[in-house]
Amino acid sequence: MIEIEKNKILLFASEKNWVEGDSLMQLKKTSELTGMKLSCGMPDIHPGKGGPVGASFICELIYPHLIGNDAGCGAGLFKTSLRSGRLKTEKWIKKLKGLENTPERDLDEWMTENNVESSDHDKALGTIGGGNHFAELNKVNEIFDQKIFEEAGLDLKYLNLLVHSGSRGYGEVLYRSHTSKSGASPLVPDSDDAINYIEKQNKVLKWAKSNRKLIAERFMDRLNGDSQLITDSNHNSIVSIKQSEKNYWLHRKGAVPADDGLVMVLGSRGTLSYLVKPTNDCEKSAWSIAHGAGRKWNRGNCRGRLEKKWGVKDLERTDIGSTVICRNKDLLYEEAPQAYKNIDMVINDMINDGLIELVASFKPLITYKTRKK
DNA sequence: ATGTAC
């Protein structure tokens, strides 16, 4: 951990972890906002639109623009009924299609069964979305803590599904409800607007979690199997916390709660992802840990940097042997493993700072993004 | 990131 400003700005990264300068400038700028008590950069910090991605903030006020338009975005890990000893990868790839479309099943029934409140965004429920979102079938690669692994409900003999998605248009509407008239200005806690915003946000967070569950079910419908939730954590949210009898608002942007069970730290599609157990020492990082490898290149650079050396066919197959389903060519390049930092650096930094213990690692087999051009 | 924008 590097103390950029004593008790005010902390960076949970080692000296050898390359961190883009712009993201540190953003971290500093954010720390100067009115009411900001503590700003923490995670080891996967990189520049974002309203502030850095991969950061947690403890603040007296509420700043929606720091969270952005995808509140509730997160990752869910599901155990599937597919045996890991019987891979039918080619057959599965053929069967996986249409996940970007409105669900074919009876949504009303599903929403009732799963306690999802109806909203203007029902049609998007169960769809993956764009950007870095995906649904990925994976295989346990290594178990570091057998006891926690088993207690979590995982089993080496079965494949798992990792779903990274968010709140789709619902979060966008929430974001705009504040920023269209108030921009980057804060909400004052206990004001009607603040209460209303947080209430709406909490609905959005629930919706996004349900979205991941339905994506998992739709994915497994196509492979004639089922899925069982192991752990789900969002990485874009604002929650209230109490510290020495005072109320604060904990903002997490591309950072995962460290006080709510096991967490999947996402690699790129060409590397392992890690299931970790946050430690009680995470108080020092505002009860937050990194959400993934973190971008190395911004989206606009990727195709230009990679196209000469790697074609579509190359990128559809990763070094780790997994297959990527992504018919959108720009997106295929934007989300190439090369565009991300090394997940092992992020994991090692967190271990060395005492933030996490490893439970298991997972190797991707099929990463579904979109069949639409 | 987004039922994507002048």
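Just so we're on the same page: letters track the sequence lines, and every chain starts at 1. For the numbers below, each heavy atom of this structure counts, side chains included, while hydrogens, waters and symmetry mates do not.
- Taking a heavy-atom distance under 4.0 Å as the criterion, the stretch of DNA chain B touched by chain A extends 5' to 3' from B:dA1 to B:dG3.
- Within the 3.5 Å criterion, the main-chain N or O of A:K341 finds no donor-acceptor partner in the side chain of A:S268.
- Nucleic acid contact class of A:G130 (heavy atoms, under 4.0 Å, all strands): sugar-phosphate only.
- Residues of residues 168-181 of chain A that place a heavy atom closer than 4.0 Å to DNA chain B, in numerical order, are A:R168, A:G169, A:E172.
- For A:H164 and A:H235, the gap between ring centers is short of 6.0 Å.
- Checking side-chain atoms of A:S182 against main-chain N and O of A:T179 turns up no donor-acceptor pair under 3.5 Å.
- Using a 4.0 Å cut-off between charged nitrogen and carboxylate oxygen, A:K277 and A:D145 do not count as a salt-bridge pair.
- Salt-bridge formation is detected for the pair A:K203/A:E117: a Lys NZ or Arg NE/NH1/NH2 atom is positioned less than 4.0 Å from an Asp or Glu carboxylate oxygen.
- With A:N236 contributing its side chain and A:D70 its backbone, the two residues share a donor-acceptor pair below 3.5 Å.
- Across all their heavy atoms, A:L27 and A:A55 have their closest contact at CD1-CB, 4.2 Å.
- Here A:E32 pairs with A:K28 in a salt bridge; the nearest charged N to carboxylate O distance falls below 4.0 Å.
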